[in-house]
Amino acid sequence: QVQLVESEGGLVQAGGSLRLSCAASGRTFSSRAMGWFRQAPGKEREFVASINWRGGSTYVTDSVKGRFTISRDNAKNTVYLQMNNVKPEDTAVYYCAAHRELYSNRYSYSNAAEYDYWGQGTQVIVSA
């Protein structure tokens, strides 16, 4: 069992930066890939970024490439999403999630159906 708690999001101006963190409890966090997803009002949840269990392989969706970075600290049971040069279209509720596979070394983990554990979500609003 893995429990996930995202940090508070907030309001940020376009062009600004924000770092989200996701603290995990449970013995298997460090052996699971982790992902960030987001859901904007009236839209379906979409994949943002993933990182494998070691932290050596990351993948981000094209719309945030060059702006968002995912990282993890297994010693602290925490995964991060660094958001730079944010845009109004980044406004959404952001969720972290723990993948169902243990010790997997795939390139990306973009399928939400493959995640077993989810945080409660945190709101990020980007003003123009």
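Basis for what follows: all heavy atoms, side chains included, without hydrogens, waters or symmetry-related copies. Starting from 1, each residue takes its place in the sequence as its number.
Pairing each heavy atom of V5 with each of Q120, the nearest pair is CA-OE1, 3.7 Å. When all heavy atoms of S108 and S50 are compared, the pair lying nearest together is CA-OG, 3.8 Å. Closest of all the heavy-atom pairs between M34 and I70 is O-CD1, 3.9 Å. Between G9 and V124, the shortest heavy-atom distance links the atoms CA-CG2, 4.3 Å. Nearest heavy-atom pair across S7 and T122 is O-OG1, 2.9 Å. Closest non-hydrogen pair, F68 versus V86, comes out as CE1-CG1, 4.3 Å.
Y115 pairs with exactly one of Y109, W36, F37, Y95 by the ring-ring contact (aromatic ring centres under 6.0 Å, His included) rule, that one being F37.
A donor-acceptor distance shorter than 3.5 angstrom exists from the side chain of T91 to the backbone of V126, with no hydrogens or angles considered. In this structure, the side chain of N74 does not engage the main chain of N77 through any donor-acceptor pair within 3.5 Å. Judged by distance alone, the side chain of R72 and the main-chain N or O of N52 form a donor-acceptor pair under 3.5 Å.
V64 has its side chain within reach of R38: a pair of non-hydrogen atoms, C-beta onward, lies under 4.5 Å apart. Considering only heavy atoms from C-beta on, E101 stays 4.5 Å or farther from W53 through its side chain. Put simply, the side chain of T28 reaches to within 4.5 Å of the side chain of L102, judged on heavy atoms.
The side chain to side chain donor-acceptor pair (under 3.5 Å) search around W118 returns none, not counting sequence neighbours. In this structure Q82 satisfies the side chain to side chain donor-acceptor pair (under 3.5 Å) test together with N84, sequence neighbours excluded.
Judged by the 6.0 Å distance and 45° axis criteria, R106 is not positioned over the aromatic ring of Y59.
Separation of atoms CD (E44) and CD (Q39) is listed at 8.0 Å; rounding is to 0.5 Å. The OG atom of S104 sits 11.5 Å away from atom CZ of R32, with the distance rounded to the nearest 0.5 Å. Here OG of S17 is found 10.5 Å from CZ of R67. Values are rounded to the nearest 0.5 Å. If you take CG on L20 and CD on E8, they are separated by 10.5 Å, rounding to the nearest 0.5 Å. The CZ atom of F47 lies 10.5 Å from the CG atom of N111; values are rounded to the nearest 0.5 Å.
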* Could you walk me through whether T69 and Y80 pass the side-chain contact (heavy atoms from CB on, under 4.5 Å) check? -> CA-CA 8 Å; T69 303; Y80 304 96; over 6 Å; no
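At most 12 non-hydrogen atoms from other residues, nucleotides or ligands lie less than 6.0 angstrom from CD of Q13. By the neighbour-count criterion of 12 heavy atoms within 6.0 Å, atom NZ of K76 is sparsely surrounded, having that number or fewer from other residues, nucleotides or ligands.
Apart from L11 itself, the hydrophobic cluster it occupies contains I125, where clustering links Ile, Leu, Val, Met, Phe, Trp and Tyr at side-chain heavy-atom distances under 4.5 Å.
The pair D90-K87 fails the salt-bridge criterion, with no side-chain N (NZ, NE, NH1 or NH2) lying under 4.0 Å from an Asp/Glu carboxylate O.
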